[in-house]
Amino acid sequence: MNTPGCYAVLQVVPPNQARKVYQALKPKGLPVALVEYKGEQHGFLKAENIKFTLEQQMLFFACLVGHFKVVDEIVPIKIDNFD
């Protein structure tokens with residue numbers, strides 16, 4: 001993971017794998033956020049977690065690309081190295 005760019009994990013991975021990816025990307029200065037969901041392991045089970053994740057991805061891409069505005073009122077999570 002030495003290539004600069006945008007990394008987005010678009011699926012749920014086991015917590016230990018998610019933490020490794022987060023810990024690898026954050027010190028490189030790449031935009032990264034770690035969200036852990038109670039009761040989720042490999043794949044989503046709860047609809048509210050699917051909705052939350054899709055909303056956060058939409059906000060991230062809107063900020064990254066800058067070509068569209070999200071009209072829904074969504075409180076963004078903290079993304080490290082992304083100001």
Side-chain angles (χ1 to χ4, degrees):
M1 294 189 188
N2 290 321
T3 307
C6 170
Y7 294 92
V9 178
L10 302 178
Q11 66 183 42
V12 179
V13 297
N16 62 331
Q17 290 178 14
R19 288 183 204 114
K20 285 181 182 177
V21 170
Y22 176 80
Q23 291 168 354
L25 296 179
K26 185 177 177 185
K28 294 181 185 291
L30 295 168
V32 64
L34 176 63
V35 178
E36 296 188 62
Y37 299 98
K38 186 175 182 174
E40 304 279 21
Q41 288 294 317
H42 192 69
F44 284 116
L45 298 176
K46 299 176 185 173
E48 63 267 20
N49 293 341
I50 296 169
K51 180 180 181 288
F52 178 81
T53 299
L54 290 172
E55 288 173 343
Q56 294 304 316
Q57 289 172 353
M58 181 174 56
L59 285 175
F60 175 73
F61 291 124
C63 291
L64 183 71
V65 175
H67 295 294
F68 65 95
K69 181 179 178 184
V70 177
V71 294
D72 297 335
E73 290 191 30
I74 302 169
V75 177
I77 60 171
K78 169 74 171 110
I79 300 175
D80 297 311
N81 304 321
F82 192 69
D83 294 332

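This chain uses plain numbering: 1 for the first residue, then up along the sequence.
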Compare every heavy atom of [Y] with every heavy atom of [X], then report the nearest pair and how far apart it is.
X	Y	value
Gln56	Val75	NE2-O, 3.0 Å
Glu36	Arg19	OE1-NH2, 2.7 Å
Val70	Ile74	CG1-CD1, 4.0 Å
Tyr22	Pro27	O-CD, 4.4 Å

Open item on the list: Between Tyr37 and Leu45, is there shared hydrophobic-cluster membership here, with clusters defined by ILVMFWY side-chain heavy atoms closer than 4.5 Å?
Closed with: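 Per the 4.5 Å side-chain linkage, Tyr37 and Leu45 are not co-clustered.
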Open item on the list: Are there over 12 heavy-atom neighbours, none belonging to Lys51, within less than 6.0 Å of that residue's NZ?
Closed with: no
Task: Main-chain N/O of Val32 paired with Asn81 side-chain donor or acceptor, under 3.5 Å - done: no
Open item on the list: Within this structure, what is the CG-CG distance for the pair Leu54 and Asn49, rounded to the nearest 0.5 Å?
Closed with: 11.0 Å
TODO: Can you measure from OG1 (Thr53) to CZ (Phe44) and round to the nearest 0.5 angstrom?
DONE: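 CZ of Phe44 is found 3.5 Å from OG1 of Thr53.
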